[in-house]
Amino acid sequence: MDRAYEQPLVTPEMVAAHGLNEEEYARIKEILGREPNYTELGLFSVMWSEHCSYKNSIALLKTLPREGKNLLTETGEENAGAVDIGDGLAVVFKIESHNHPSAVEPYQGAATGVGGILRDIFTMGARPIASLNSLRFGSPDNPRVRYLVDGVVRGIGDYGNSFGVPTVAGEVYFDEAYTGNPLINAMAVGIVKTDGIISAVAKGEGNPVMIVGSKTGRDGIHGATFASEELSKESEEKRSSVQVGDPFTEKLLVEATLEIIKKGLAVGIQDMGAAGITCSCSEMSAKGEAGVEIDIDKVPVREPGMIPYETLLSESQERMLVCVKKGKEEAVREVFDKWGLDSTIIGKVTSDGLFTVKLHGEVVSQVPSRSLVLGGDAPVYHRETKRPAYMDDIVKFNIADYSLDRDWNADLLTMLAAPNICNKGWVYDQYDSMVRTNTAVGPGSDAAVLRIRKTRKALAMVTDCNGRYCYIDPRLGAESAVAEAARNIVCSGGHPLAITNCLNFGNPYKPEIYYGFSEAVAGMGEACRVFDTPVTGGNVSFYNEDPERAVFPTPTIGMIGLVEDVNHITTQWFKEENDVIFLLGDNTEHLGASEYLHTVYRQNRGPVPPLDLASEKKTQDALLKAIQSGLIKSAHDVSDGGLAVTLAESCISNLDYQIGATIQLDDSVRPDALLFGETQSRVIISCIPEDVLKIEELFKEHNVPCYRIGTVGGNSLKINDLVDQSVSAMSDSFFKAMSEFMDRLE
C-alpha cells in the first residue's frame, strides 16, 4: 500500500450510509473533540450497531437475573457463560444468531454461525463437547424455503462434523412468519477446569498483542451492520457481508489455543467475530482498563490492496486476538507453528486507554477504547412500546366453533406428520451426534445428555421456544419457553442450572415490536427467578423482518442441566410391556394457540394456555426426586400437539423398540382439547407395576396431581373410545412424513 494513504472525506451521506443518526454522530464528535476520519467512522459504525452495542436492548437485559451461586463469569462480560458443576469442572455455553447471513447465503451463513459460537467456547479455555441449534423457516411448500433449509442444514452438518463436535439437540419449526427471514440460532457447550478459565482481556503495559489463525480478507466487512438492518430486495447484493468458514482450520485453532492457555502463555483471548479486529481490540483493552496500539500493516492479509478500514472491519473466520505475556511471544509462535497456523505480533498493550491504529508508523485512527463498547460510551436507548392491536383480536376464541364430528385417528396421524412435530431425522441424520463418544442421549428425546468423563455426572441440554405463543402473548410465551426447557431437562434426569438466550425480534424502532421484546424479557426474567436459572449471556438479534412481515417474537432459550449420576438419565419412550403410565398435571379445556389449530385449521389464534410457575416448579422438583429415587422408567413432557402426540411419541420414538399403550382419561374435557390441547405443566411418566404405590405417595406428598391412566403393551395406542391407532401407522406418519420433503430438496 502506498505510504501516502489519504482517507476519503466524511460526508453526511457517508454517515447515514454507515447507519449512524445525527445524534450519534454528534456524540462521536463530542467524544473525539473533532470530526472522525473515514476509518474511525467505520469503527463507530460497527461497534455502535445494534449487533455489537445492544443499544436498544441492554437496559432491559440488565433486568434479567444475572447472578447465581455457581456462576463463574459475569453475564455479558466474557465470550461465554461458565457455571461450576463440581469436581473442579465448569460448563461453558452460549447461543448466538446468524439469521441475516443465512437468509442470503444459507450454507456459509449457518456454517460460520457454528464456527463463531465454537470459538466463543474454546477462547474461554474450554474444550467444545456439543453443538445445538434452533432453526425456523417459512412453509416447506415454498421452494425458496426448501433451498434455505437445504443450505442451512448442510452448513451446520459440514462444519460441525469436520470440526469434530457432536451436534446433539435442537429444534426445527416452520411458519409463514419466517418465510423471508429464517432464524438460525447456534449453541455450543464446553467443559473446562474451573482454574483453567481465561478472560477476554488485554492488560499489562507492553504486553504484545497477536493475531492468530487465518489470514484476513475482505469477507464479512460490515457483517455486524448488515445484521442490524431489515432484509430487503437489496440484501442479496450484500453476500460479501457473509463470512466464509473453514472448519479444518478451526480444528487446528482449538488445539493451539487450548495449548497456549494450558501453558500459561496468554493474559487474555477473544474471538474475532462481529467487527473483527476492531471489536477484539476495543473490548479487550476496555475491559483491562488499558489501551491497545496496533500496526495495521502487520496484519497478515490474503488479498492485495486492503486499506485499514477493510482490515479493521473484516470478519474473516477462524481468527483470534491474543494478549500474550511479555517474553512469551516465541513460545506462542512455536505452538501455532506446530499446528500450521499464522501467529503475528500486530501491536502492544498501552496505558493510555486508546485504541490506536498505525499504518507505516503514522496514526490512521485513534479513539478511546471505552467509546466503542457496551458499558462504555456506546449509546443506550429506551424505546417506545405499544401493545399491537392484533393481540386483542387474536385471543378471541370460542371453542364451540370447532367441530367435534371428526375422525380422531386420522387427526392423530395428521398431527404426527405435521412439519413441526414429525421426526426430524432428515435433519439430524446429517449431523454426527456421537463423535467423541460422550453422547448418552442424542437427538430424539426431551433433551440431549452427554457424559462427563472421569465422573459419574452428565450434562443435559436443550433449546426451546414456541414462537406462536410469543406472538399471541410474548410475556407468557417467554415464561413458557423457560418452563418447557426446564421440564425437558428434568424429564431427562437433570437439575436445571442456567440459561443462555437468543432474542430474535423485528425492528426495535417500531413500538409494537419493542412491546413484544420488553414483555418477553420480563416473562423470561420472571420464569428464570422461579427456576433459579440465571441468564449467563447470549445474543439479541433485531431487524428480523422482510418487506412483508416481522418474524414471530422468538426468545430462544438454551438451557443446561446437571445429571448428578448417569444412572438417573431418563428418556421419553416406553420401555417394557405392563409398565404403568401416569399423567402428572391436570387436563383442562385449552385448545388456543395449539399446533392442532395450526395444522388442522391453519390458524394461529386463541389464548396461550396459562402457566402457574410455582406449580410447574413443584411438579419438576417432585419428578426429579422420583427419577433420582429410581422410580421412573420414562418421562416425556406434554407440549406441541398435546397429550395424544406425547403418548404416541412415547410409543414410537425409539425405532429399536416400539410398543402400544392403553389409556383411559377423564372424559369431562372436550375430545379435541383432551387429545391435542397444550395445557401446561404436564408430563407422561411410566414405572414398573411394583412401584405404583411409591409413585402415588411421592407425588401426593409433594401435592402434585398424579393420575394412573394406563398400561404399556399391545400393537396400538388406545385412548378412551376416541383413538385406536396402530403403532405401525403412527410410526409411518411420524418417521416418513419428511421423506417427501427431502425428495423435493433434490
Side-chain angles (χ1 to χ4, degrees), residues 57 95 97 99-100 102-103 133-140 142 145 148-149 152 170-185 230-231 385-395 418-421 463-482 484-485 501-508 510-524 538-558 592-599 601-609 639-641 678:
S57 59
I95 190 170
S97 64
N99 301 336
H100 285 186
S102 301
N133 52 70
S134 174
L135 314 177
R136 293 165 201 274
F137 303 97
S139 169
N142 185 316
V145 168
L148 293 173
V149 173
V152 164
E171 52 180 356
V172 185
Y173 278 95
F174 297 91
D175 194 281
E176 294 285 353
Y178 305 105
T179 297
N181 196 132
L183 300 184
I184 312 304
N185 297 173
E230 295 176 20
L231 290 175
T385 64
K386 180 182 179 182
R387 178 182 169 83
Y390 77 81
M391 286 186 178
D392 294 323
D393 177 65
I394 203 169
V395 295
N420 291 340
I421 289 179
T463 58
D464 216 300
C465 184
N466 188 318
R468 187 185 310 117
Y469 283 10
C470 295
Y471 175 67
I472 295 171
D473 187 334
R475 182 184 291 250
L476 181 53
E479 289 180 3
S480 300
V482 176
E484 185 177 350
N501 57 49
C502 200
L503 309 182
N504 306 274
F505 291 81
N507 186 336
K510 297 177 180 179
E512 292 84 357
I513 296 293
Y514 205 71
Y515 172 86
F517 176 73
S518 61
E519 286 290 288
V521 170
M524 184 189 313
N539 172 221
V540 176
S541 177
F542 281 134
Y543 301 99
N544 289 292
E545 303 190 14
D546 62 32
E548 295 184 22
R549 63 178 75 82
V551 300
F552 282 165
T554 310
T556 304
I557 304 299
S594 65
E595 184 63 34
Y596 178 75
L597 291 184
H598 175 75
T599 298
Y601 292 95
R602 303 298 179 190
Q603 294 180 355
N604 290 329
R605 68 177 307 102
V608 176
S639 56
D640 299 334
E678 296 173 7

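Start at 1 with the first residue, then count along the sequence.
- Pro555 and Leu503 get closest at one heavy-atom pair: CB-CD2, 3.7 Å.
- With contacts defined as side-chain heavy-atom distances shorter than 4.5 Å, the pair Glu171/Arg136 qualifies.
- Minimum interatomic distance between Ser102 and Val152 (heavy atoms only, all atoms of both residues): CB-CG2, 4.2 Å.
- Listed here is the closest heavy atom pair of Asn133 and Leu135: OD1-CG, 3.7 Å.
- By the 4.5 Å heavy-atom criterion applied to side chains, Ser97 and Asn185 are counted as neighbours.
- Not counting sequence neighbours, the partners of Phe517 by the ring-ring contact (aromatic ring centres under 6.0 Å, His included) test are Phe505, Tyr514, Phe542.
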Pair Thr599-Glu595, side chain to side chain donor-acceptor pair (under 3.5 Å): steps then yes or no: CA-CA 6 Å; Thr599 298; Glu595 184 63 34; 2.9 Å; yes

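- For Tyr173 and Tyr178, the gap between ring centers reaches or exceeds 6.0 Å.
- Within the model, atoms CD of Glu176 and CZ of Arg549 stand 6.0 Å from one another, a figure rounded to the nearest 0.5 Å.
- Between the side chain of Glu678 and the backbone N or O of Gly641 there is at least one donor-acceptor pair closer than 3.5 Å.
- Among all heavy-atom pairs drawn from Phe174 and Gly138, the shortest one is CD2-O, 3.1 Å.
- Side-chain atoms of Asn181 come within 3.5 Å of backbone N or O of Glu545 as a donor-acceptor pair.
- Side-chain contact check for Cys465 versus Ile557: every heavy-atom pair is 4.5 Å or farther apart.
- Not a single side-chain hydrogen bond (donor to acceptor under 3.5 Å, both in side chains) links Ser57 to another residue, sequence neighbours left out.
- Two residues are said to be in side-chain contact when any heavy atoms from C-beta on lie closer than 4.5 Å; Met391 and Val395 fail this criterion.
- Between atom CZ of residue Phe137 and atom CD1 of residue Ile184 there is a gap of 4.0 Å, rounded to the nearest 0.5 Å.
- Taking each heavy atom of Ala550 and Gly506 in turn, the nearest pair found is CB-CA, 4.4 Å.
- Between atom CD of residue Gln603 and atom OH of residue Tyr596 there is a gap of 11.0 Å, rounded to the nearest 0.5 Å.
- Once rounded to the nearest 0.5 Å, the distance linking CD of Glu548 with OG1 of Thr179 reads 8.0 Å.
- Taking 4.5 Å as the limit, some side-chain heavy atom of Asp175 sits within range of a side-chain heavy atom of His598.
- Summarising the geometry, atom CG belonging to Asp393 is positioned 5.5 Å from atom CZ belonging to Arg605; distances are rounded to the nearest 0.5 Å.
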Test log, rule side chain to side chain donor-acceptor pair (under 3.5 Å), inputs Asn544 and Asn504: CA-CA 7 Å; Asn544 289 292; Asn504 306 274; 4.5 Å; no

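- Nearest approach of Ala103 to Pro182, heavy atoms of both residues: CB-CD, 3.7 Å.
- Considering CG of Asn466 and OG1 of Thr556, their distance stands at 11.0 Å, rounded to 0.5 Å.
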Derivation and outcome, side chain to side chain donor-acceptor pair (under 3.5 Å), residues Asn420 and Asp640: CA-CA 8 Å; Asn420 291 340; Asp640 299 334; over 6 Å; no

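- The pair Glu519-Arg387 does not count as a salt bridge, with every side-chain nitrogen at least 4.0 angstrom from each carboxylate oxygen.
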